[in-house]
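Here is the structure we will look at, set down as C-alpha cells.
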Protein chains: 2
Amino acid sequence: MPQDEDKKNGRAADDVIRCLVAKIHAGEYPDGTQLPPERTLMEEYGISRTVVREAVQTLSRQGLLEARPRYRPIVRKPGYDAAISALENVVTHLLSDQKGVRNLFDTRIMIEASLVRRAARHAVKEDIAALKAALEANEAAIPDSDQFYQTDRAFHGVLYDIARNPVLPAIHSAYVTWLSPQWSRMPRLPQRNLENFEAHQRIFDAILLRDPELAEQELRDHLDSAWLQVCRTFDKAD
Amino acid sequence: MPQDEDKKNGRAADDVIRCLVAKIHAGEYPDGTQLPPERTLMEEYGISRTVVREAVQTLSRQGLLEARPRYRPIVRKPGYDAAISALENVVTHLLSDQKGVRNLFDTRIMIEASLVRRAARHAVKEDIAALKAALEANEAAIPDSDQFYQTDRAFHGVLYDIARNPVLPAIHSAYVTWLSPQWSRMPRLPQRNLENFEAHQRIFDAILLRDPELAEQELRDHLDSAWLQVCRTFDKAD
DNA sequence: ACAAATAATTTGGTCCGACCAGAAGGGACG
DNA sequence: CGTCCCTTCTGGTCGGACCAAATTATTTGT
C-alpha cells in the first residue's frame with residue numbers, strides 16, 4: 001500500500017521506480033525472489049503497463065532486477081553484484097573515445113598504485129602465495145601464447161583480489177574486456193612479453209620487501225609503458 | 001538505411017540500440033544535435049514506437065542520449081560527460097547496502113590516497129592556491145553551518161580537480177550525494193568540525209612539504225575517522 | 001514594419017486493448 | 001512413474017488514441 005504517487009509529480013515511472021527501490025531496500029522482495037507480474041504491479045500501483053515496463057526496464061538496465069526473456073516475471077538479482085555489473089557496463093561506455101580511455105587508464109594507475117602499496121604493507125601469507133602462483137604461471141607459459149597473456153593479466157587480477165573489494169575489479173575487468181579486441185592490432189613482441197614479466201617480478205619483489213614506495217614506482221613504470229603501447233596502437237589507427 | 005535487423009534475432013530493441021550507437025559513433029548525429037522524433041525513427045526502422053522508446057530510454061539511462069521532458073526529440077549529449085553521469089548513477093546504486101558503502105568508501109580512500117600523493121609530488125602553483133583557498137573558506141565559515149560543511153567537502157573536491165580526471169569526481173560526487181540525507185542523523189559536534197578542519201590542514205601542510213608519505217597517512221587518518229562516524233550513524237539506525 | 005498575442009502543429013508521456021510465442025502447470029494416458 | 005498434450009500465464013510487440021507542453025506559424029495591435 002504505497003501512498004498515491006500520481007499526484008502532482010511531473011515524471012511518472014520514476015515514482016514507481018522509487019517505490020520499488022524502497023520496497024526492495026526494505027526487504028519486501030528478498031534477493032532472488034521474483035516480483036509480481038507486470039499486470040499485477042499495474043493494478044497495484046494504479047498505472048498502465050507501459051509505465052510498469054519502463055520502470056522494470058530501467059531497474060534491469062541498472063542491475064537491480066533481472067528481466068528474463070520470456071515468462072518468469074522479474075527476478076531480483078543479489079543487488080550488489082548486479083550494481084557491479086552495471087558499473088562494468090558504464091565503464092565500457094566510458095571507453096568510447098580516446099579521452100575516456102586515457103582517464104580510465106589514469107584511474108587504473110591510481111587505484112593499482114594504492115593496491116600495491118596496500119599489498120606491500122599488509123599482504124598476508126595467502127596473498128603473497130597467490131601473487132607468486134600467478135607469477136610462476138606466467139613464467140611457465142610460452143611467450144606470445146594466449147595463455148601467456150592470460151596469466152599476465154591474472155597477476156593484476158590477484159592485486160585486485162587482495163583488496164577484497166569487488167568495486168575495483170569491476171573497473172579493471174571492463175578495461176580488460178575493452179582492450180581485448182584492440183590487442184589484435186598490437187605488435188606482439190616477445191621482447192615486450194619479457195619486459196612485462198620482469199616488471200611484474202619487480203613489483204612482487206618490492207611487495208616481498210615490504211617497500212610500498214618501490215612497489216608503487218615499479219607499478220607506475222609498468223603501467224606507463226603499457227599506456228605507451230596503447231597510444232601507439234591508437235595512433236596507428238588514425 | 002540500416003540492414004533489416006528484425007530477422008531471427010531473439011531480442012528486439014537491442015538491435016535498434018546497436019544500430020543507433022553505431023550511427024552515433026560513426027558521427028551521423030554529431031554531439032548536441034537532436035535525433036529524429038520517435039515517430040520518424042519508428043518508420044525508419046520499421047518497428048513500433050514501443051521499441052523505439054525502449055531503445056531511447058535505455059540509451060538515455062546509460063547517458064548517451066538526453067530525452068528532454070516534453071517536446072524536443074532527443075538530443076545527444078557529449079557522450080563522455082554522459083557516461084560520467086551514468087557512472088554516478090551506478091555508484092549511487094552501489095550504496096544501497098552497508099557492504100556497498102564500505103567498499104565504496106574503501107575505494108574512495110584508495111583513490112584519494114593516490115590523489116594526495118600525486119598532489120604532494122606534482123601539484124603546481126594553481127593547485128596549491130586552490131587548496132589554500134578551499135581551506136581558508138572553510139576556516140572562515142561558521143562551524144556547524146551549512147556553509148561550513150560545504151566548504152569542508154570542497155576541499156576534497158579540489159583534491160579531485162587536481163587530478164584533472166573527470167572519472168574520479170563522479171565517484172566522489174555520487175558518494176557525497178548519497179551521504180547528504182544521512183547527515184541529518186549525524187551528530188554535529190563543533191568539536192568534530194574542528195577535527196575535520198585540522199585534518200585538512202595537516203594534509204595541506206604535507207602537500208606543501210612535498211611529503212607524499214605523510215600526506216597519505218594524514219588522509220587515511222582523516223577518512224578512517226570519517227568512516228567511524230558513518231558506522232556509528234549506521235549502527236544507531238539498526 | 002515590428003512586436004505581441006493567438007492559433008495550429010509537433011512531439012514526448014501515458015494509457016488502452018490486442019495478439020503472439022515461449023514457459024509453467026495440470027492432467028490424461030501409456 | 002514418466003511422457004505427451006493442452007490450458008493458462010507472462011513478457012514482448014504492436015497499433016491506435018489522447019493529453020499537455022513546447023514549438024512554430026499566423027494573426028492582430030500599434
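Just so it is clear: chains get the letters A, B, ... in the order the sequence lines come, proteins before strands, and each one is counted from 1.
The CD atom of Gln57(B) sits 14 Å away from the C1' atom of dG12(D) (whole-angstrom rounding). Here dG12(C) presents its P atom at 8 Å from CZ of Arg53(B), a figure rounded to the nearest Å. When rounded to the nearest whole Å, the span between CD of Glu66(B) and C1' of dG12(C) equals 14 Å. Atom CD1 of Ile47(B) is separated from atom P of dG15(D) by 10 Å (rounded to the nearest Å). A straight line from CG of Asp14(A) to C1' of dG12(C) spans 14 Å, rounded to a whole angstrom. Between the CD atom of Gln34(A) and the P atom of dG11(D) there is a distance of 9 Å, rounded to whole Å. Distance, Leu35(A) CG to dT10(D) P: 13 Å, rounded to whole Å. Following rounding to the nearest Å, Leu41(B) (CG) and dG12(C) (C1') show an atom-to-atom distance of 13 Å.
Legend: residues meeting side chain to side chain contact (heavy atoms under 4.5 Å, CB included) with Thr58(B), ordered by chain and number and at least two apart, are Arg61(A), Ile17(B), Glu54(B), Gln62(B). Residues forming a salt bridge (charged side-chain N to carboxylate O under 4.0 Å, His left out) with Asp161(B) (at least two apart in sequence, or on another chain): none. Evaluation of the side chain to side chain contact (heavy atoms under 4.5 Å, CB included) rule for Asn196(A) yields Asp152(A), Arg192(A), His222(A) as partners, not counting sequence neighbours. Among residues two or more places apart in sequence or in another chain, the ring pair (Phe, Tyr, Trp, His ring centres under 6.0 Å) test is passed with Phe155(B) by His200(B). Under the rule for a side chain to side chain contact (heavy atoms under 4.5 Å, CB included), the partners of Arg39(A) that lie at least two apart in sequence or sit in another chain are Arg49(A). Considering only residues two or more places apart in sequence or on other chains, Tyr160(B) meets the ring pair (Phe, Tyr, Trp, His ring centres under 6.0 Å) condition with His172(B). Qualifying salt bridge (charged side-chain N to carboxylate O under 4.0 Å, His left out) partners for Asp224(B), counting only residues two or more places apart in sequence or in other chains: none.
Heavy atoms from other residues, nucleotides or ligands lying under 6.0 Å from CD of Glu28(A) number more than 12.
In DNA chain D, the stems built from three or more successive Watson-Crick or G-U pairs (distances below 3.5 Å) are C:1-30 with D:1-30.
Side chain Arg49(B) to base dG16(D): no donor-acceptor pair is found below 3.5 Å.
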Please test Trp227(B) against Val101(B) for side chain to side chain contact (heavy atoms under 4.5 Å, CB included), starting from the C-alpha separation and ending with a verdict. CA-CA 10 Å; Trp227(B) 172 250; Val101(B) 175; 3.8 Å; yes

Protein-nucleotides 6-11 of chain C N/O pairs under 3.5 Å:
none

